[in-house]
Amino acid sequence: MTRMKKYVLAASVAAALVGAPTMAHAIVSAKAPASAAADVQVAAAKASSVRVVAPGERVQAAPKVQLWLTKDGKHWSSPQEADQFRSVTDGNLDMSRPGVSLQSEPIGKDYFLSGVYHGKGDPATIKIKTAKGTVTGTIVRLAGKPGWGAWYATTPLPDTTVPKAKQKHHFVRSITVYDTTGHTISTLTLP
């Protein structure tokens with residue numbers, strides 16, 4: 001090899017070695033959006049409050065409150081009333097379009113909120129906006145893709161010192177079920 005070719009080869013190798021970290025950074029940076037999207041999905045999965053249950057399996061939803069699902073709907077028992085039921089098969093819920101229902105009852109110093117949601121998608125989280133702020137609930141569903149599930153949350157009771165004339169009609173303002181990508185599966189907005 002001639003002396004000139006050796007210098008050119010040495011310069012090429014040096015340039016490649018000096019540029020390698022820059023190229024590695026460019027390759028990593030180019031993949032960052034996909035990586036960031038994956039990180040968001042991982043974070044959403046970790047933040048998820050979804051519990052898959054067998055039909056009839058009881059969940060301790062709040063102190064002295066149990067909730068369970070069957071193929072026919074949501075069941076729950078509380079200190080106020082045992083064996084309550086919300087059907088998904090009797091026609092009371094329009095299962096042809098997305099929706100969320102709400103049942104609420106005081107349990108000690110808290111409100112026990114629960115309901116049925118239905119719509120397309122894999123549920124990941126549920127947010128309940130109340131007069132006191134936003135609460136993240138827990139989703140309970142049967143295995144497979146039945147297209148519906150139940151949810152529950154607890155929140156402090158509303159402030160009873162505010163005169164009724166100044167209170168909004170509903171303590172719960174809205175309920176939204178989100179899928180694993182952050183899109184809305186179903187929502188309920190109350191006046």
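Keep in mind it's a predicted model, so treat the numbers as computed, not measured. Side-chain atoms are counted along with the backbone in the values below, which use heavy atoms only and exclude waters and symmetry mates. All residue numbers refer to positions in the sequence shown, counting from 1.
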- request: Show the numbers, then the answer: is there a side-chain contact (heavy atoms from CB on, under 4.5 Å) between Trp76 and Glu81?
  value: CA-CA 9 Å; Trp76 74 104; Glu81 189 175 342; over 6 Å; no

message: How long is the straight-line distance from CD1 of Ile126 back to OG1 of Thr136, given to the nearest 0.5 Å?
response: 9.5 Å

message: Between Thr176 and Thr187, is there a side-chain donor-acceptor contact under 3.5 Å, judged purely by atom types and distance?
response: yes

field: From Leu157 atom CG to Lys132 atom NZ, the distance as rounded to the nearest 0.5 Å
entry: 8.0 Å

- prompt: Is Arg86 close to Asn92 at the side-chain level, that is, under 4.5 Å between some pair of heavy atoms?
  reply: yes

task: Would you please say whether a donor-acceptor pair under 3.5 Å links the side chains of His75 and Thr70?
output: yes

query: Would a hydrophobic clustering, with Ile, Leu, Val, Met, Phe, Trp and Tyr connected at side-chain separations under 4.5 Å, put Leu142 with Leu93?
result: yes

field: Pairs touching residues 140-155 that satisfy side chain to side chain donor-acceptor pair (under 3.5 Å), sequence neighbours left out
entry: Asp122-Lys145

- prompt: Do we see a donor-acceptor contact under 3.5 Å between the side chains of Gln84 and Lys74?
  reply: no

field: Side-chain donor or acceptor of Ser101 paired with backbone N/O of Val116 under 3.5 Å
entry: yes

query: Are side-chain heavy atoms of Val65 and Pro79 found at a separation under 4.5 Å?
result: yes

Atom NZ of Lys64 with >12 non-hydrogen neighbours under 6.0 angstrom: no

- request: Could you name each residue pair satisfying salt bridge (Lys or Arg N to Asp or Glu O under 4.0 Å) that touches residues 93-121, not counting sequence neighbours?
  value: Asp94-Arg97

